[in-house]
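A short write-up of the structure that comes next.
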Amino acid sequence: MMSKVLYPSEIEFSQLYQNNDLLLVIFYASWSAPCQKLAPHIDKLAQEHPEATVMKTDIDAYPT
């Protein structure tokens, strides 16, 4: 089974956070050059490790 990167809503984020033993959360900004360079590596990591849940959260979409 191939895993993929998830882009959860705020509610989905809480549910995934509480219900996963192996979770990688990436906080990113779409305008950030380093984040853009890292994106394909995160996708590859998610595909290579289907046992993990990989999520990305746009910091501009959910400001504190």
Side-chain angles (χ1 to χ4, degrees):
M1 178 178 160
M2 297 290 273
S3 182
K4 63 180 184 174
V5 177
L6 305 176
Y7 295 85
S9 68
E10 195 170 348
I11 293 171
E12 292 168 330
F13 182 95
S14 294
Q15 293 170 345
L16 289 166
Y17 179 79
Q18 293 173 5
N19 296 323
N20 281 283
D21 294 328
L22 186 54
L23 178 65
L24 173 62
V25 180
I26 305 297
F27 295 95
Y28 76 101
S30 58
W31 49 263
S32 167
C35 291
Q36 292 171 3
K37 282 186 169 186
L38 188 59
H41 301 285
I42 299 300
D43 293 339
K44 183 178 178 185
L45 178 75
Q47 290 176 358
E48 291 176 351
H49 296 279
E51 71 279 9
T53 299
V54 180
M55 323 192 272
K56 289 178 74 177
T57 299
D58 187 341
I59 61 170
D60 292 325
Y62 300 103
T64 57

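Nothing fancy with the numbering, it's 1 onward along the sequence. The model shown is predicted, which means the values in this text are computed figures rather than measured ones.
With rounding to the nearest 0.5 angstrom, the CD atom of E12 is 12.5 Å from the CG atom of N19. With rounding to the nearest 0.5 Å, the separation of CG in L24 from CD1 in I42 is 6.0 Å. Distance check: I59 CD1 to W31 CH2 gives 5.5 Å after rounding to the nearest 0.5 Å. Annotation: the span from I26 atom CD1 to H41 atom NE2 amounts to 12.0 Å, rounded to 0.5 Å. The distance from the OG atom of S30 to the NZ atom of K56 is 9.5 Å, given to the nearest 0.5 Å. Distance check: K4 NZ to L6 CG gives 6.5 Å after rounding to the nearest 0.5 Å.
Under a cut-off of 6.0 angstrom, the local environment of CD1 in I11 is sparse, with at most 12 non-hydrogen atoms contributed by other residues, nucleotides or ligands. Within a 6.0 Å sphere centred on CG of D21, heavy atoms belonging to other residues, nucleotides or ligands number 12 at most.
In this structure, M55 and V5 approach most closely via the heavy-atom pair C-CG1, 4.5 Å. For the residue pair D58 and A29, the shortest heavy atom distance occurs at OD1-CA, 4.1 Å.
Between Y7 and Y28, the ring planes lie perpendicular to each other; the angle is over 60°, past the 30° to 60° tilted range.
Qualifying salt bridge (Lys or Arg N to Asp or Glu O under 4.0 Å) partners for E48, counting only residues two or more places apart in sequence or in other chains: K44.
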